[in-house]
Amino acid sequence: MKKVYVAMGTDILHHGHINIIETARSFGEITIGLMTDKALANYKHLPLLSYEQRKKIIENVKGVVKVVPQDTLDYTANLRKIKPDYVVHGTDWRTGIQKEIRARVIELLNEWGGKIIEPEYTQDVSSTMLINQLNSIGTTPELRLRKLRKLIGLKSIVRVLEVHNGLTGRIVETVKVAEDGNIREFDGMWVSSLTDSTSRGKPDIELVDLTSRLHTIDQIFDATTKPLMFDGDTGGLIEHFVYTVKTLERLGVSAVIIEDKIGPKRNSLYGTDVRQKQDSIKNFSRKISAGKKAQVTEDFMIIARIESLILKKGMKDAIARAKAYIKAGADAIMIHSKEKDPAEIVSFCREYKKIKNRMPLVAVPTTYSTITENELSKEGVNVVIYANHLLRSAYPSMVKVAEIILKNQRCYEAEEYCISVNEILNLIPGGK
Ligand code: SPV
Ligand code: MG
């Protein structure tokens, strides 16, 4: 009997998969290379079903003899081990982002005289299409809340972008870039206090109250399905913070990040140019513990943000605080820096790695923006937050258009800087 290898994710098993398997069956005994949860989360999307659940489904499909895990999009490791006579894949991989993967498979099969078989791609269905359809229905607070912890567990780095209204939520939800054989997109959203305040014409000093911030979340949730991290500023009084936790959790927010400062809050990026006071380790630890006690689900995350580097209190203080906050129950640590050089954050990461019971690490590379996601991930960072970039990029463009109209006393010259009327009419589905 000849050996046939088919790689699949099969999160939603559909007739396109069955068409492939039917062809594969006619060539020999099928081994399915089933994408692991990590592989699906890193290269495609967060799996709906776990590896074990998907395995149970696929191993009961007629013709499937064996199911083995495939850890990456790349087939190399499994093909070398199995040395199949055939690899079966739909014709869709001849073009586009999967082209390189196909070329590598052919090269490898040549080593032992294997062949690829390419049944006609089933046009009217794909897992991505079905998942997009599911997402367009929406989500529930519970499902959304859980996603962040899952992503942190599965992805080498979770990529989060700032949002401040429904439209920016749509951008995080829908923008995708195809590269290296996979589709890259943002995993989640950050409701920044800076951009939520600025877009309301208010300073970032904990002036915009929780009720108003919840309105922002409400419009974002109406337009998205991805998980959301809430910038909780200092978290306020402990007596208030416990209520904030419950409210955020009820709405389906995945995490709150609170910073270890007290008194009138000023934005961290002012550094020591303004008066900012750090909370005591004891009091901030109490706040974390009280929040943890207040939460209802196991999935909600309370993330402690350390401001020691911002306030020039030194690395030792930052690490001591990380240890104390973890002890107090923090689900993750966010370390902040306003240095241009990533060296400060990197040296924190290396010290942090020595902590035995360390929790996931969050970084916000606003000022040290040269550092890449790969580099952050190698240093042990689990979540990267691009904290203000949608508002910061929109603002100069809006000012420019306003000036052009004033200068020309008409709007014709501004057109080239604007999305077309047709495009804006159709930007949000359901307008027609
Ligand atoms: C925010 O986005 O509001 C933050 C991050 O808290 S920072 O502006 O860098 O302090
Ligand atoms: Mg903030």
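Both counts, for ligands and for their atoms, begin at 1 and track the order of listing.
- Using cut-offs of 30° and 60° on the angle between ring planes, the pair Phe186 and Tyr386 is perpendicular.
- Contacts between Asp231 and ligand 1, counted as non-hydrogen atom pairs separated by less than 4.0 Å, involve the side chain only.
- Distance from atom 2 (O) of ligand 1 to its nearest protein heavy atom, with residue and atom name: Ser192 OG, 2.8 Å.
- Residue Lys338 places no heavy atom under 4.0 Å from ligand 1.
- The N, O or S atom of Asp231 lying closest to the Mg ion (ligand 2) is OD2.
- Because its NZ or CZ atom is not both nearer than 6.0 Å to the ring centre of Phe284 and within 45° of the ring axis, Arg321 does not count as a cation-pi partner of that residue.
- With rounding to the nearest 0.5 angstrom, the NZ atom of Lys312 is 13.0 Å from the CG atom of Asp317.
- Residue Thr366 places no N or O, backbone or side chain, under 3.5 Å from any N or O of ligand 1.
- An N or O contact shorter than 3.5 Å is missing between Asn388 and ligand 1 by distance.
- Checking only distances, Val364 never comes within under 3.5 Å of ligand 1, N or O to N or O.
- The closest protein non-hydrogen atom to atom 6 (O) of ligand 1 is Arg305 NH1, 2.7 Å.
- Atoms of ligand 1 lying under 4.0 Å from any heavy atom of Ala387, numbered from 1 in the order shown and given with element: 2 (O).
- Between His336 and ligand 1, an N or O atom pair is found at a separation short of 3.5 Å.
- Ligand 1 lies within reach of Asn267, whose nearest heavy atom is under 4.0 Å from it.
- Residue contacts to the Mg ion (ligand 2): Asn267 brings no N, O or S atom closer than 2.8 Å.
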